[in-house]
Structure formats: structure tokens, C-alpha cells
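Residues: numbered from 1 along the sequence shown. Because the structure is predicted, anything quoted here is derived from the model rather than measured.
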Amino acid sequence: MIPFNRPPYLGTEDKFVLEAIKQDKISGDGNFGKKSQEILEDMTKTKKALLTPSCTHALEMSAILLNIQAGDEVIMPSFTFVSTANAFVLRGAKIKFVDIRPDTMNINENLIEDAISQKTKAIVPVHYAGVGCEMDRILEIAKLHKVAVIEDSAQGVMAKYRGKALGSIGDMGTFSFHETKNYTSGGEGGALLINEPSFINRAEIIREKGTNRSQFFRGEVDKYSWVDLGSSYLPSELQSAYLYAQLLDAKKINEARLSSWNYYNKLLKDLEKKELLELPKIPKECEHNGHIFQIKVENLELRGKLLEHLKRDKISAVFHYIPLHSSVAGKKFGEFVGEDNFTTKESERLIRLPLFFGLKKEEQERVVESISKFYR
Ligand SMILES: *Cc1c(COP(=O)(O)O)cnc(C)c1O
């Protein structure tokens, strides 16, 4: 069986995790947490990176930081993971879903303004597959209407838009270190990137259960107490140590993924030329990170057949998001603005091929051979 995903693992994680176990402090914001944050800050050129237990938690923190409350509206694509929406719905927001572009599967920047109202508080672009959204246009709209931009960059670690790291362009950005992503902190994890400095102080408070404990540890205040809303948004040192090993070798993992991505792209070009399927499109402004290799087939029915065929050949390929606006909770907490020209249609045609750190060329050849056989 060729699995769809294997959690990234280098072999260097063991040493750091064992070291972490033997530290006197193994709760959040210890040695490995701080070192990992420094690497992320350096990598992305963001003002502040804070590790979190998940990208979901980083998104929740961003919603608290923006003071989202009942009646506020937040704009995002419907083709995304539930957490993008849930984090804001938890604070009482209503979600306005905007259609995607068929080329990148990202929010269509030209439709965002139609969804803006007096109640809009934020735009949440999602960089699908680590391919950047059209951020210049999105920032321009946000500035004009005075709304915040939170980049859901769960899939975007090490990817860039016009030379800038994804996650470092809006007011805040979020990363995921879940086992299905390019880097993992032992299965679950995430980070909040803060690019707008005025959010930094309060972010540390929210992350420390609403206390000013971080300032206390830095000697900035002489006692710590409850000062604001908050929760427990810190990963343990064991998770941070696992991540630290992978961040030290971030380039190696990125290059391996890109090389697997490019190999699929090369092997499948013929089928695209014959117009049997479509391959991913990368805009020239974007440097992606090989997070997903997706193909699009003619329609939903054919997709079902191809997935069945691959399964019989012991290859685990998978579809992706059921658009949120057609889900039970999505209907309750949000609404689609304008026409759904591409969200449903394009998501129904999409298949993600096995892609992970350590994927072998022979395995990729087997996947492509199975797809070619299906079309013969
Ligand atoms: C994976 C993912 C998330 C959630 O990440 P977790 O770390 O599992 O909470 C959120 N948004 C997008 C777009 C994702 O791909």
C-alpha cells in the first residue's frame, strides 16, 4: 500500500525529545519552544512567532485578538478546513463565504469587496497547497475598508508570495504542525505569526490563560495575575523539541517535497496534454512548498471511479474539503455571497496524490502508471 501521508520524520527528533524530557522545565515556552520560535521568526521575518498546540488554536487566538463578537462578519473561502471558520464562529461571528479561483483554489480576490459590509472585521485568505493568495490586492481591500487580514497559512510553511513568507504578510498568520503538514511537532502543533506589533503583548497574555505571566518571567512586572481573556495555548517542550529538529532541517524537507511534486508534474504532463486531467497551476508571484499535488478530473463521477481504481491498486489518494457552505454548521453559521461558480464544481473534481517526505520515485511511478492505466 502507498499511503496518502506519512508524518515527516528525519531521525534527528529523538535526540532533542530525549533532551527535552530531561530538562527541569518541560511545560510551554522552555528552551526548545523559544529556539523554535526564533527559527520561525528568522525564516518568515515576522515580528513575533508564538508556538501553539495547533493551527486551530492560533486561529482562535487571532479571533480573540481582533475582539470578534456576536454580529461581526468574517470573510473567507468556503473551500477550507473547518477550523478557519470555527475559530471566528466561537466568538460569535457570522461567516461570509466567497467563491474561489479555479486555478489555485484560493479565494477570488476580485469578489471579496462584494462581501464587505459595515460589520466586516476580517478577511481570512487560505493559502491552499502552500500556494499564495493574491495578497497585494487583498491588503489593498483590507486597508481601504479598515479590516484585518489573518492568513490561514496552515499549509504554507516555507512558501512565498512575491518573495515574502506566507503568514508574514497580513496582520497575523497561522501555521500548522499537524502530522499531515510539511513539518510536525510530534503529531499536533501550530504557530501564530504576529506581523502587526500592537498585537504582541496581548497575544502573550491570551496564550498564558489571560495572565501577564510572560512579562513576569521577563522581570517586567513583579507579580502576575489575571488581566484579560485567555486560555492555555502553549505546546509542551516535548512537542517543541520534535519541531525544533524539523525546523533545523526545514530546507531539506522542503526540497524533497518540491522534488516529488516536480516529478509528478513531469510524469503526468502527457495526460494533461491529452486533456484527460488538469495539473496544479502556480502563479508566477508564488513559490510553493510542495504541500499538495492535486489533479482535477472531469467530474465527480469520474473522480469516484478513479479513487476506487487507485484503491484496488493499493494506492491511497484522497479528495479534499466538502465546501463549508454546504455543511450543516456552515449553513447555520455562515452564508455564501454571490454565485458558487467554482467552489463546489472544482472541489468535486479534485484528487490529492500521495505526497510526503520520504516518498520514493518508484512509488510515484506506480501511482502515475495506475492513473495512466485507468485512462487506457
Ligand atoms: C490543517 C489545517 C488547519 C488546522 O490545523 P491544525 O493544526 O490541525 O489545527 C487549518 N486550516 C487549514 C487550511 C489547514 O490545512
Side-chain angles (χ1 to χ4, degrees), residues 55-101 104-128 132-154 167 169-174 192-196 198-199 202-203 206 228-229 231 321-344 347:
C55 178
T56 301
H57 276 171
L59 287 161
E60 286 178 26
M61 282 182 69
S62 78
I64 299 173
L65 281 163
L66 292 181
N67 293 315
I68 300 286
Q69 359 180 337
D72 291 344
E73 294 175 1
V74 176
I75 297 171
M76 64 183 63
S78 168
F79 184 72
T80 184
F81 189 60
V82 290
S83 294
T84 320
N86 224 346
F88 297 92
V89 170
L90 273 170
R91 316 251 31 106
K94 170 145 201 192
I95 309 299
K96 297 282 179 169
F97 297 115
V98 169
D99 207 8
I100 53 169
R101 296 163 39 151
T104 55
M105 304 299 282
N106 285 337
I107 193 165
N108 184 334
E109 64 279 1
N110 295 319
L111 300 176
I112 292 174
E113 276 192 304
D114 296 343
I116 289 191
S117 79
Q118 293 296 326
K119 296 177 183 164
T120 309
K121 285 286 153 62
I123 305 168
V124 189
V126 179
H127 305 302
Y128 185 71
C133 297
E134 187 37 62
M135 292 307 293
D136 277 1
R137 179 77 186 112
I138 292 171
L139 291 189
E140 191 178 272
I141 296 166
K143 199 169 168 198
L144 183 67
H145 298 275
K146 298 188 173 57
V147 302
V149 175
I150 309 296
E151 299 174 71
D152 182 340
S153 192
I169 306 166
D171 296 285
M172 290 178 254
T174 63
L192 178 66
L193 308 187
I194 305 174
N195 310 313
E196 168 47 51
S198 62
F199 289 122
R202 193 166 170 234
I206 290 166
D228 203 338
L229 275 183
S231 188
Y321 311 121
I322 309 290
L324 296 183
H325 76 282
S326 44
S327 68
V328 173
K331 281 181 191 150
K332 188 165 160 195
F333 299 121
E335 70 181 19
F336 202 93
V337 181
E339 292 286 310
D340 171 9
N341 286 321
F342 296 111
T343 300
T344 301
S347 65

Quiz item: Which is it for T56 and N86 under the side-chain contact (heavy atoms from CB on, under 4.5 Å) test, yes or no, and what are the steps along the way?
Solution: CA-CA 8 Å; T56 301; N86 224 346; over 6 Å; no
Note, [X] side chain near [Y] side chain (heavy atom, < 4.5 Å):
X    : Y    : value
L144 : E113 : yes
L229 : R91  : yes
R202 : M61  : no
S326 : T343 : no
V74  : V124 : yes
K94  : K119 : no
N108 : I100 : no
I150 : L66  : yes

Could you grab the distance from atom [atom1] of [X] to atom [atom2] of [Y], nearest 0.5 Å is fine?
X    : Y    : atom1 : atom2 : answer
F199 : I194 : CZ    : CD1   : 8.5 Å
D171 : L65  : CG    : CG    : 10.5 Å
N110 : R101 : CG    : CZ    : 8.0 Å
L192 : M172 : CG    : CE    : 6.5 Å
F79  : T84  : CZ    : OG1   : 11.0 Å

Ignoring hydrogens and geometry, is there a side-chain-to-backbone donor-acceptor pair from [X] to [Y] under 3.5 Å?
X    : Y    : value
N106 : G132 : yes
D99  : D340 : no
N195 : G167 : yes
E339 : N341 : no
H127 : C133 : yes
S78  : H325 : yes

Taking all non-hydrogen atoms of both residues into account, name the closest pair between [X] and [Y] and its distance.
X    : Y    : value
M135 : G170 : CE-N, 4.5 Å
A93  : I68  : CB-CG2, 3.5 Å
S327 : G330 : OG-N, 3.0 Å
I75  : I112 : CD1-O, 4.1 Å
S347 : T344 : OG-O, 3.0 Å

Exercise. Identify which one of I138, V149, L139, D136 satisfies the side chain to side chain contact (heavy atoms under 4.5 Å, CB included) criterion when paired with I169.
Key: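 The single option meeting the side chain to side chain contact (heavy atoms under 4.5 Å, CB included) with I169 is L139.
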Quiz item: Applying the side chain to side chain contact (heavy atoms under 4.5 Å, CB included) test to L324, which of F336, F81, F97 qualifies?
Solution: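 It is F97, the one option of F336, F81, F97 that forms the side chain to side chain contact (heavy atoms under 4.5 Å, CB included) with L324.
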Quiz prompt | Salt bridge flag under 4.0 Å for residues K121 and E73 | solution =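 Salt bridge flag = no for E73 with K121.
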Quiz item: Between K143 and E140, is the closest basic N to carboxylate O distance under 4.0 Å?
Solution: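 Looking at E140 and K143, the cut-off is not met.
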Quiz item: Which of parallel (below 30°), tilted (30 to 60°) and perpendicular (above 60°) describes Y128 and Y321?
Solution: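 The arrangement is perpendicular - the two ring planes meet at more than 60°.
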Quiz item: L90 and E60: side-chain contact (heavy atoms from CB on, under 4.5 Å), yes or no, with the steps?
Solution: CA-CA 8 Å; L90 273 170; E60 286 178 26; 3.7 Å; yes
Practice problem: Run the numbers on R137 and I141 for side-chain contact (heavy atoms from CB on, under 4.5 Å), then give the verdict. | Solution: CA-CA 6 Å; R137 179 77 186 112; I141 296 166; 3.6 Å; yes
Quiz item: Can you list the steps and then say if D152 with C55 is a side-chain contact (heavy atoms from CB on, under 4.5 Å)?
Solution: CA-CA 8 Å; D152 182 340; C55 178; 4.0 Å; yes
